[in-house]
Amino acid sequence: MAKLPKSPLQQLDAAHHLHPFTDSQALHHKGARVIERGEGVYLWDADGNRILDAMAGLWCVNLGYGREELVQAAEQQLRRLPYYNLFFQTTHPRATELAASLATLLPGDMEHLFFTGSGSECNDTVVRMVRHYWAEQGQPERNTIISRHNAYHGSTLAGASLGGMKPMHAQGGLPLPGIVHIDQPYYFGEGGGQSPHQFGLQRARQLEQKILESGPDKVAAFIGEPIQGAGGVIIPPDSYWPEIQRICRQYDILLVMDEVICGFGRTGHWFASEYYGLQPDLLCMAKGITSGYIPLGAVAVGARVAQGLISGGEFFHGFTYSGHPVACAVALANIAVMQKERLVERVHDDIGPYLQQEWASLGSHPLVGETRGLGLLAALELVADKSDNRRFDEDVGAGVICREHCFELGLVMRAVGDTMIISPPLVIGRLEVDELITKARQALDLTYQTLMK
Ligand SMILES: Cc1ncc(COP(=O)(O)O)c(CNc2cccc(C(=O)O)c2)c1O
């Protein structure tokens with residue numbers, strides 16, 4: 001795709017708009033990519049280029065773009081009640097209906113929902129909720145939360161602290177006190193000579209070490225993404241999560257699953273906790289809950305913590321847009337479409353296996369050290385030498401080069417370092433998967449030519 005000089009919009013953007021997670025100076029020179037329209041799994045940029053969005057926006061547009069059912073739900077609610085709050089012993093029908101609907105979809109005994117406006121606000125809520133819970137149980141010193149290096153839990157002070165990304169911690173004096181990290185179950189990058197089974201147990205057992213180091217009576221909870229998304233679609237060995245859950249139960253540590261990415265059918269289950277046989281005490285959701293059409297988050301609360309909160313007097317926490325009525329209306333419509341079209345079952349039985357089968361074929365490419373995936377989440381690792389999976393030097397920027405070739409070919413793939421990841425809309429068809437794979441292979445070929453010339 002030929003790069004045109006900056007348009008008036010790009011010049012205006014450079015003059016006034018500070019983008020998230022962006023080197024603004026670099027962007028000002030380049031000019032922001034302008035995405036104008038979406039339909040199904042496709043986007044169109046301001047130059048009229050059609051792009052297959054294999055990232056579903058930011059892991060969130062599960063129903064694809066242009067779903068009239070969601071637009072209608074929003075419009076109807078906007079006309080009837082565009083906003084009201086859930087404070088002062090008040091509710092509105094959509095919040096109540098959505099809480100009841102979610103309770104039927106969640107694993108285990110999770111019957112209660114606390115609404116927020118984002119995934120980060122969910123994780124801030126988790127920190128306050130678990131510390132308040134333990135204080136109400138007469139154990140106020142239980143306030144340490146254990147998370148993982150390279151986890152992503154958002155960009156608020158608590159979300160970024162729970163996250164394990166060092167560049168984020170370096171900006172703003174993070175992590176906050178009482179939030180500590182153990183290593184991640186990243187077998188391809190850190191497995192060493194161990195079997196996946198042994199590596200999964202070894203990494204899970206770091207939790208026990210950290211609990212003993214912190215003092216079991218000081219630890220409130222452990223938080224993790226079933227599959228780390230922004231960290232690079234890190235799929236743990238099968239031995240990992242059962243061992244984590246066993247350790248949490250042994251030391252009576254609350255288990256918090258962050259399903260902001262993995263929830264709402266992404267893995268072929270309504271929630272990935274089901275796939276891993278987990279009974280979390282708290283579960284965070286956002287993104288796919290509304291297919292990204294409007295911001296919404298929710299924390300699902302299991303019976304034990306819910307009873308503690310309910311009997312613990314006023315919980316001094318909440319947001320203006322907690323359970324925004326238009327967002328709840330869109331979420332209800334989103335869930336209804338997922339149920340009507342049996343999308344979760346389709347990911348599990350049809351399009352998920354098909355995507356994984358086709359994605360795995362990329363593993364034969366000379367640049368690819370590994371392909372992996374579950375449902376409609378997938379990753380591949382770019383390597384300089386397949387014989388020993390030697391990585392490229394960081395300054396080569398192989399992932400960014402590959403990502404840019406993807407855009408030139410009309411495909412969005414995310415680069416996390418030299419890991420290429422996809423998370424397409426759940427509505428993607430087989431022919432669109434074929435297009436995705438063809439373009440991904442072409443991008444790998446172009447990247448190979450760029451790097452190996
Ligand atoms: C697991 C998880 N938890 C919490 C959040 C925070 O949600 P909000 O952004 O709505 O506050 C996320 C968000 N995930 C996220 C957000 C922005 C960029 C990328 C990326 O992969 O580049 C990923 C996430 O992936």
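Just follow the structure's listing: the first ligand is 1, and inside any ligand the first atom is 1. Throughout, residue positions are numbered sequentially from 1 according to the sequence presented.
Nearest protein neighbour of atom 17 (C) of ligand 1, counting heavy atoms only, is Leu58 CD1, 3.6 Å. Nearest protein neighbour of atom 10 (O) of ligand 1, counting heavy atoms only, is Gly119 N, 3.0 Å. Nearest non-hydrogen protein atom to atom 16 (C) of ligand 1 is Lys287 NZ, 3.6 Å. Given atom 1 (C) of ligand 1, the protein heavy atom at minimum distance is Tyr152 O, 3.3 Å. Among protein heavy atoms, atom 3 (N) of ligand 1 sits closest to Asp258 OD2, 2.7 Å. The protein non-hydrogen atom at the shortest distance from atom 11 (O) of ligand 1 is Ser120 OG, 2.5 Å. Remark: minimum distance from atom 20 (C) of ligand 1 to any protein heavy atom is reached at Arg414 NH2, 3.1 Å.
With a 4.5 Å cut-off on side-chain heavy atoms, Pro295 and Ser118 do not count as touching. For the pair Ile253/Ile247, no side-chain contact is recorded, criterion being any heavy-atom separation below 4.5 Å from C-beta on.
Atoms of ligand 1 lying under 4.0 Å from at least one heavy atom of Glu225, given by number and element, are 1 (C). Taking a cut-off of under 4.0 Å to the non-hydrogen atoms of Ile261, the atoms of ligand 1 that pass are 25 (O).
When non-hydrogen atoms are compared, ligand 1 lies under 4.0 Å from the side chain of Trp59 (C-beta onward) but not from its backbone. Only the side chain of Asn123 comes within contact range of ligand 1, with a heavy atom under 4.0 Å; no backbone atom does. Only the backbone of His153 comes within contact range of ligand 1, with a heavy atom under 4.0 Å; no side-chain atom does.
Gly154 and Ser120 make their closest contact through CA-OG, 3.2 Å (heavy atoms, listed as atom of the first residue, atom of the second, distance). Considering all non-hydrogen atoms of both residues, Gln228 and Arg148 come closest at CG-NH2, 3.5 Å.
Between His181 and His169, the angle of the ring planes lies from 30° to 60°, which puts this pair in the tilted group.
Geometric assessment of Arg33 against the ring of Phe407 yields a positive cation-pi assignment under the 6.0 Å and 45° thresholds.
For the residue pair Asn123 and Tyr152, no side-chain donor N or O sits within less than 3.5 Å of a side-chain acceptor on the partner.
Around the OH atom of Tyr448, the shell of radius 6.0 Å holds no more than 12 heavy atoms that belong to other residues, nucleotides or ligands.
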